[in-house]
*Asks:* 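Structure provided below as structure tokens; questions to follow.
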There are 2 protein chains.
Amino acid sequence: MTQSTETTSYKDIKQTVLGRIRSGEWRPDTLLPNEEDLAVEFSCTRTTVNRALRELAEEGFLERRRKAGTRVSSAPQRQARFTIPLVRDEVEAMGGTYRYALVSALAETAPEWLAARLALTPGQRVVHVRCMHYSDNTPFQFEDRWIVIDSVPQVEQADFSAIGPNEWLVQTVPFTNVELSFLASRADATLAGFLDVTEGEPVFTAERITWLQGQPVTLAKMYFAAGYRMTTRL
Amino acid sequence: MTQSTETTSYKDIKQTVLGRIRSGEWRPDTLLPNEEDLAVEFSCTRTTVNRALRELAEEGFLERRRKAGTRVSSAPQRQARFTIPLVRDEVEAMGGTYRYALVSALAETAPEWLAARLALTPGQRVVHVRCMHYSDNTPFQFEDRWIVIDSVPQVEQADFSAIGPNEWLVQTVPFTNVELSFLASRADATLAGFLDVTEGEPVFTAERITWLQGQPVTLAKMYFAAGYRMTTRL
DNA sequence: AAGAACCTAAAGTCTACACATATTGAGCGC
DNA sequence: GCGCTCAATATGTGTAGACTTTAGGTTCTT
């Protein structure tokens, strides 16, 4: 059969299966027919069914185990995907004009908390970069970043007055591991000044630690302006 | 060729390609060979290469466009996946003992802000449930939830003293759409009491709105105890 | 020079089949 | 009745080949 006449694509199957879950026809924990039977039902091959079910499982709607079969996830939507765009893209997507400003960039000995956090040897040196990201000249994000010099020697020559440290790093060093956290922190006097909020105000914060083959590369703390929400639709 | 002797699986290809990206051999924006050539290089079929590249693209490492080819993403890791377990699972995963406590459950007319937020008609009624989740009897999360009665009529008969509203809803109503936000809010007097923090302290907050075929079902605000971090590794 | 129409390369998808692997549940021995 | 072994089964993955769709380039036209 040619596909144009009667496309039974994996997307159609996904839609149909999702529909049955959402309508309640297939409740949580329901065991659904095996791939072969579904292939007959949708009059396509098992491969196509497999792809549909695999993706639905990846998205958290189904749980699959060999021999045990496929069943509707009882705790659906356990995984949420957040898109974390570059600040510039995020600002521009909201229709704002993006502006970057370097606050300071200094080489220094890693403070104790940082050395402990990144498992640095005492006395290891880092470049500490602080900068601001503005949307239409209102504060959008304050970025506080430390870059381990031993892992990225070129950083001592980098000029962060023109390019943000994030973009510079992305272009310069590869990485193998990332840890990303979201938390709520409170604005100290400095932060309050940069973000134009009252001292003590809650500030949505993202922390990102990056490694290259086990070597810590950078820790970034990103403080967002008041009212910021990280939102996603599922 | 039998697979057992020389498995060139899509996972191997993913690893190899990832390695080349991470090592810097394929820098951001590099155009990589087309699927057919890669299939030759890895001595497997294009299907297998396709799956590897497709998944890497889904994970944000590659960008693919028909005819234009596949290139290394210039802004890598644009997508992060967070696992959002049920509170009970999260507490138990940390080795704590989970305890649930109902604070209040009342049917009422939707307050104006809620009606606006969920696009309710004025005067529509909701059940307002407030409850606490404890880990080893220390506050873990305060949950403030509104359930639209017109969308879930059974809610008026539900007994939330034994089962949490989240688990009850998951078992009872399907849903079609979810919006999830993370933000930082400040503890008011009530919240401070429940979470055992000082008034005005920053509180990491998750908000979840659920719809069923365009009908708003529930809005939940989940306030986490001091120091909470939502973390993921990539 | 600007724009429209066409060609074609590359990814996207489907079919059909085969072998791999995990795990359940039945049968067996003790 | 309990535990072990083993076969049946459902999903997982790979091969081979074909057709489809998109969009970058080129060429042709105005």
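It should be emphasised that the depicted structure is a prediction, and the values quoted were computed from it without experimental measurement. Each chain gets a letter, A, B and so on, in the order its sequence line appears, and its residues count up from 1.
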*Asks:* Please tabulate, one pair per line, each protein N/O and nucleotide N/O from nucleotides 3-6 of chain D that are separated by under 3.5 Å, including the distance.
*Replies:*
none

*Asks:* Once you round it to whole Å, what is the distance between C1' of C:dC19 and CG of A:Asn50?
*Replies:*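 To the nearest whole Å, that distance equals 14 Å.
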*Asks:* Nearest whole Å is fine: how far is C:dA10 P from B:Asp37 CG?
*Replies:* 8 Å
*Asks:* In whole Å, I'd like the distance from the CZ atom of A:Arg64 to the P atom of D:dT9.
*Replies:*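 Atom-to-atom, A:Arg64 to D:dT9, this comes out as 18 Å.
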*Asks:* Please name the residue in the list B:Asn50, B:Thr70, B:Thr47 that meets the side chain to side chain donor-acceptor pair (under 3.5 Å) test with B:Glu35.
*Replies:* B:Asn50
*Asks:* For D:dG12, does the base pair up with any side-chain atom of A:Arg46 as donor and acceptor (N or O, under 3.5 Å, distance only)?
*Replies:* yes
*Asks:* Out of C:dA22, C:dG12, D:dT13, which has the shortest distance to the side chain of B:Glu35?
*Replies:* C:dG12
*Asks:* Quick check: on DNA chain C, is the nucleotide nearest A:Thr45 upstream (toward 5') of the one nearest B:Arg65, or the reverse? Name the residue that is more 5'.
*Replies:* B:Arg65
*Asks:* Does A:Ser9 make a side-chain N or O approach to OP1 or OP2 of C:dC14 shorter than 4.0 Å?
*Replies:*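 Indeed, a polar side-chain atom of A:Ser9 lies that close.
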*Asks:* Can you tell me the distance, in whole Å, between the CG atom of B:Asn34 and the C1' atom of C:dA11?
*Replies:* 9 Å
*Asks:* Rounding to an integer number of Å, can you tell me how far B:Glu63 CD sits from D:dA23 C1'?
*Replies:* 16 Å
*Asks:* Is it true that B:Glu41 and B:Arg20 have a side-chain N and a carboxylate O under 4.0 angstrom from each other?
*Replies:* yes
*Asks:* Between P on C:dA9 and CG on B:Leu38, what's the gap in Å once rounded to a whole number?
*Replies:* 18 Å
*Asks:* Under 4.0 Å from OP1 or OP2 of D:dT9: is there any side-chain N or O of A:Arg66 that close?
*Replies:*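 Negative; the distance criterion is not met.
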*Asks:* For B:Glu92, I'd like to know if atom CD has over 12 heavy atoms of other residues, nucleotides or ligands within 6.0 Å.
*Replies:* yes
*Asks:* Could you check whether A:Arg54 gets within reach of a base, just the sugar-phosphate, or nothing at all, counting any heavy atom under 4.0 Å?
*Replies:* nothing
*Asks:* Would you indicate, yes or no, if D:dT11 has its OP1 or OP2 atom less than 4.0 angstrom from a side-chain nitrogen or oxygen of A:Thr70?
*Replies:*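 Checking A:Thr70 against D:dT11: at least one side-chain N or O falls below 4.0 Å of OP1 or OP2.
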*Asks:* Rounded to the nearest angstrom, tell me the gap between atom NZ in B:Lys67 and atom P in D:dA23.
*Replies:* 12 Å
*Asks:* Angle class for the B:Tyr100/B:His133 ring planes (parallel below 30°, perpendicular above 60°, tilted otherwise)?
*Replies:* tilted
*Asks:* Measure from the side-chain heavy atoms of B:Tyr10 and tell me the nearest of C:dG12, D:dT13, D:dA16.
*Replies:*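 Taking heavy atoms from C-beta onward, the closest nucleotide is D:dT13.
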*Asks:* Using a cut-off of less than 4.0 Å, is there contact between a side-chain N or O of B:Thr47 and OP1 or OP2 of D:dA16?
*Replies:* no
*Asks:* Are A:Glu58 and A:Arg54 within salt-bridge range, i.e. N to O under 4.0 Å?
*Replies:* no
*Asks:* Inspect the contact between A:Glu207 and A:Lys221 and indicate whether a charged nitrogen and a carboxylate oxygen are less than 4.0 angstrom apart.
*Replies:*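 Yes, A:Lys221 and A:Glu207 are salt-bridged.
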*Asks:* When the ring planes of A:Phe182 and A:Phe204 are compared, do they come out parallel, tilted or perpendicular, using 30° and 60° as the limits?
*Replies:* tilted
*Asks:* Grab the CZ-C1' distance between A:Arg51 and C:dT13 for me, whole Å please.
*Replies:* 7 Å
